[in-house]
Amino acid sequence: MRSDRQFFFRQILSSALRRRSRMIIAILAIIVGASILSGLEMIYYDVPRQMSSEFRVYGSNVIFSPSSEMDISEESIREALSLIPQKALEGYTPYRYENTKIHNMPVTLAAVDFDSASRTSPYWHIDGAFPSSDGEVLVGAKVAEELSISVGSLISCEQTLEITEEIDTSKISSYEIYTDPETGEAYADHKLDLKVSGILDTGGSEEEYVYMSYSDASYLTLVDRGYDIVEVSIASTHSELQNILSRINQSALDISAKPVKRVTASEGQVLKKLQALFFIVTVVVLVLTMICVATTMTAVIAERRSEIGLRKVLGASDSQIVTQFMTEGLMLGGLGGILGAILGYFFAQYVSMNVFASSITMRPVVILVTILVSVLITGLASLVPIKNAVKVDPALVLKGE
Amino acid sequence: MSLLELKNVSKVYGNLRALDSVNLTVEKGEWIAIMGPSGSGKSTMMNIIGCLDTPSSGHVILEGRDITKESNRALTELHRDKIGFVFQQFYLINYLTALENVMVAQYYHSMTDEKEAMAALERVGLKDRAKHLPSQLSGGEQQRVCIARALINSPSLILADEPTGNLDEANENMVIDILKKLHSEGTSLVVVTHDPEVGEVAQRVVKLSHGKIVSDEMNTHS
Ligand SMILES: Nc1ncnc2c1ncn2[C@@H]1O[C@H](COP(=O)(O)OP(=O)(O)OP(=O)(O)O)[C@@H](O)[C@H]1O
Ligand SMILES: [Mg+2]
């Protein structure tokens, strides 16, 4: 039956090529729906990312930084926090920054406690998961992209350490120690293997860092020291916050505390509502597309009633006719979906550039979903007109009206 | 056994009796012309003979089988296997070439065979037009494609409703020649026509008026 499958597709191809103007009308309806759908999908996925980069400091609203060259010690943090009323303190995260290299690319690593970071930076969007133990890292999206790292990748941080008295050389992973002939300083290569548990996606500068636990950072640098900044979340009115900050700044501590703007909870709600709105619009567009495609298909099939009658006279069973017209419909849906998805990407890009002044990432999932949905919708929309058309009485159609 | 028998067949539309107690027997290899004024029930009778339509009362017996008792599916198979149609209008699928239009009939009947379809077109003198679309063919050529399609599955009966209705003299003669050839090969033909010339070449002429057979005569020429 190979030649007959061939003839089946030969008919469908002929129909597509020789009834071009009809096809174009049908496919236009699908393309419009699919492009709006894929555009909305992309924006839907990208809005949270875009929004959180707009309101980057959602979460923490105070930053402690050292007021001298020194870093901030654990003790000064504890003392500064004691100046904040217990109830008002929502969370805090000390950060320690170091320079390192991953696969020969210089990157900045940030040592954090992930539990508290998730509280002070609730807007962080992570593909994968937070590190759950030492030996796991969270990699900023930019770094991940440059190094082609994905969730589950194994990476190694390399550090060239200067051998000083403070360093416990027995912990160095490489035995090769080399000496600079001019200065007489000794160096050794040291390396730490880590597993990527997640990729951090915020739309901001966080994407340029690699995050690991304090103990991994200490092991990598073989130095244990204080912190560079502390992000603090304080729940209070504006004037209370001013009081707290001035108390800390006037204390003898080595800390300068500054307020940063943060998004209130209700502003966070806006994001959810916006997403809900996009969702509703998407559903409405889907329904409209379906009606539009159904109308077009009804018209396209109605004008082929006599063809259907003829095919029945020639011995076609209902299911053969349904299969043929359905295949035509689904192929139209697929083609319309592909074209629409591409068009939708440009549409989303245009909207994003104008509203958020940043570009949107092409998501293959969205393209795939759009094509599938187009095929499905066209199939559903064609089903009723096809089922009706198949009922035609060939005697009536062919009687010469 | 006769090829086809109509026994007391009536077809009623509202209070119009389009066919009124018609009795007709068609023998194997016979060529019958059905004539009569417009509206006399010729197409209605053809549709019933061709299993496209069912009578309001009476029986249609095709090769000993009472088709008024068959299911729709069985009827579809019947007209697919036993009957070739040529319609009053040239019903071709407009996006398929002449050759493909003939192949559609093979496709639903059994299997497509491009060579065989080409041979059928050759029989109606259209070998060099095989790759043309219906819109690129003249009326006479389209009608001949319909005939090629009707004969492709070697039916025992070919039903033709006004096969020369829209044709000029030259094309009409060509169609008549094809019908003659088919008849000489043993195919039974039932041809509805207004055209006395077409009536003349048949073996037998049945005249209808107001749904009734008013005359049934053998032609004397053969
Ligand atoms: N589906 C129908 N519903 C109602 N009346 C019908 C229907 N089909 C045919 N008729 C009527 O039945 C009668 C016979 O119609 P038919 O088509 O058989 O005529 P005909 O002899 O083929 O005419 P023509 O030579 O013009 O083709 C006509 O009066 C017609 O109006
Ligand atoms: Mg008629």
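Computation of the quantities below employed the complete heavy-atom set of this structure, encompassing side-chain atoms and omitting hydrogens, waters and symmetry-equivalent molecules. Reminder, nothing fancy here: chain letters follow the sequence lines and each chain counts from 1.
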Discussion item. Test side-chain contact (heavy atoms from CB on, under 4.5 Å) on B:Y108 and A:K312; report intermediate values, then the result.
Written reply: CA-CA 9 Å; B:Y108 291 124; A:K312 287 178 89 166; over 6 Å; no

- Any chance you could lay out the side-chain contact (heavy atoms from CB on, under 4.5 Å) test for A:R18 and B:T97, step after step, and finish with the verdict? CA-CA 10 Å; A:R18 303 199 183 117; B:T97 62; 3.8 Å; yes

Are B:Y91 and A:V313 close enough, and set up right, to give a side-chain contact (heavy atoms from CB on, under 4.5 Å), and what steps lead you there?
-> CA-CA 11 Å; B:Y91 278 111; A:V313 170; over 6 Å; no

Hey, mind stepping through A:F7 and B:Q106 against side-chain contact (heavy atoms from CB on, under 4.5 Å) and telling me if it holds? CA-CA 10 Å; A:F7 189 70; B:Q106 294 177 315; over 6 Å; no

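Put simply, the side chain of B:I93 reaches to within 4.5 Å of the side chain of A:R311, judged on heavy atoms.
Sparse packing is recorded around CZ of A:R22, with 12 or fewer heavy atoms of other residues, nucleotides or ligands lying under 6.0 Å away. Counting non-hydrogen atoms of neighbouring residues, nucleotides and ligands closer than 6.0 angstrom, the NZ atom of B:K28 exceeds 12 such neighbours. Other residues, nucleotides and ligands place more than 12 heavy atoms under 6.0 Å from the NE2 atom of B:H109. Within 6.0 Å of CD in A:E303 there are more than 12 heavy atoms belonging to other residues, nucleotides or ligands. For NZ of B:K7, the number of neighbouring non-hydrogen atoms (other residues, nucleotides, ligands) closer than 6.0 Å is 12 at most.
Contacts classified as ring-ring contact (aromatic ring centres under 6.0 Å, His included) and involving residues 287-346 of chain A (residues at least two apart or in different chains) are not found.
The interface of residues 133-152 of chain B with chain A, defined by heavy-atom distances below 4.5 Å, comprises B:L133, B:R149.
Residue B:Y107 touches chain A through both its backbone and its side chain, counting heavy-atom pairs closer than 4.5 Å. Neither the backbone nor the side chain of B:E77 comes within contact range of chain A; no heavy atoms are under 4.5 Å apart. Both the backbone and the side chain of A:Q11 have a heavy atom closer than 4.5 Å to some heavy atom of chain B. Neither the backbone nor the side chain of B:E162 comes within less than 4.5 Å of any heavy atom of chain A.
When all heavy atoms of A:D4 and B:S110 are compared, the closest pair comes out as OD2-O, 3.5 Å.
We find the OG-OH distance between A:S14 and B:Y95 to be 8.0 Å, quoted to the nearest 0.5 Å. Considering CD of B:E114 and CZ of A:R10, their distance stands at 4.5 Å, rounded to 0.5 Å.
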